[in-house]
Amino acid sequence: MALVPYEEGAGWGARQLHSPSATYRFASHTIRLKQDWRRLGVAAVVWDAAVVLCAYLEMGGIDLRDRSVIELGAGTGLLGIVATLLDVLLYLLGAHVTITDRAAALEFLESNVQANLPSELRPRAVVKELTWGKDLGNFPPGAFDFILGADIVYLEETFAELLQTLEYLCSEQTVILLSCRIRYERDHKFLKMLRSRFSVYEVHYDSSKDVHIYKAQRGSRKDDF
């Protein structure tokens, strides 16, 4: 799941996380998401990294025409929903978006996806179970053009499985976009692990939310995308 360490506080951010819903405006659509902190914890709330990556995609510099996209640790589904909506808004030619998380979050995730995609777009987005390093046989290796992840670097014991999953899903042409806030030294450790297998570049930084977006690809290519 899109899990990150979180210490409960009394500020606005904590109140927002504990709210039963969250509303955003992307791709000329109002997106209303259920949140469920009490039942699913941090996997069922929207984090800043997802919002920042959605805004980055909305800039329109990424060509999703007829591409295969997968989101890891989708949580509420905001990022996958926006990727689906943006693709049709910009190009009128559908990408295929696979939105994944662990089994415990799938019913919640599916409900948000179904509630926020028009009926004609729902076939373009598929919700599937994926536990990093364990369910890979259910996915074709190297079949995705884009891999998206927002705040999925959180527990050091999952780093090896996450890296294994990225390697499995990637071809030589695949672009990985990871959005995250660097909170702990272990986050830098994962970036070092990622750089040992991929070429990694920071492509965006939102100073207001302290969120970084990293692009990773196999080899040493620095192509625009």
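These numbers come from a predicted model, not from an experiment.
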- Would you please test E156 and K189 for salt bridge (charged side-chain N to carboxylate O under 4.0 Å, His left out) and show each step? CA-CA 9 Å; E156 190 168 348; K189 180 178 179 179; 2.5 Å; yes
- Message: The test is salt bridge (charged side-chain N to carboxylate O under 4.0 Å, His left out); show your working for E161 and K134 and say whether it passes.
- Response: CA-CA 8 Å; E161 288 79 9; K134 294 184 179 180; over 6 Å; no
- Message: Applying side chain to side chain donor-acceptor pair (under 3.5 Å) to Y205 and D210, what does each step give before you reach the verdict?
- Response: CA-CA 7 Å; Y205 175 65; D210 191 24; 2.7 Å; yes
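A heavy-atom distance below 4.5 Å is found between the side chains of I182 and H212. Using a 4.5 Å cut-off on side-chain heavy atoms (C-beta onward), F198 and I176 make contact. Within the 4.5 Å cutoff, no side-chain heavy atoms of H188 are placed close to those of K192. No side-chain heavy atom of V127 sits under 4.5 Å from any side-chain heavy atom of T100. Looking only at side-chain heavy atoms (C-beta outward), I99 and V126 stay at 4.5 Å or farther from each other. In this structure, the side chains of H96 and R124 stay at 4.5 Å or more apart for every pair of heavy atoms. Contact annotation: the side chain of F159 approaches that of V153 to within less than 4.5 Å [non-hydrogen atoms, C-beta and beyond]. Residues L33 and I81 form a side-chain contact, since some pair of their non-hydrogen atoms from C-beta on lies under 4.5 Å apart.
No more than 12 heavy atoms of other residues, nucleotides or ligands sit less than 6.0 Å from atom CD of E107. Environment of CZ in R32: sparse, with no more than 12 heavy atoms of neighbouring residues, nucleotides or ligands closer than 6.0 Å.
Closest of all the heavy-atom pairs between F26 and A55 is CE2-N, 3.7 Å.
Remark: K128 qualifies as a cation-pi partner of F139 under the 6.0 Å distance and 45° angle criteria applied to the six-membered ring.
Residue D151 forms a salt bridge (Lys or Arg N to Asp or Glu O under 4.0 Å) with just one option from R181, R183, K209, and that option is R183.
Remark: H204 engages no residue in a side-chain hydrogen bond (donor to acceptor under 3.5 Å, both in side chains) (not counting sequence neighbours).
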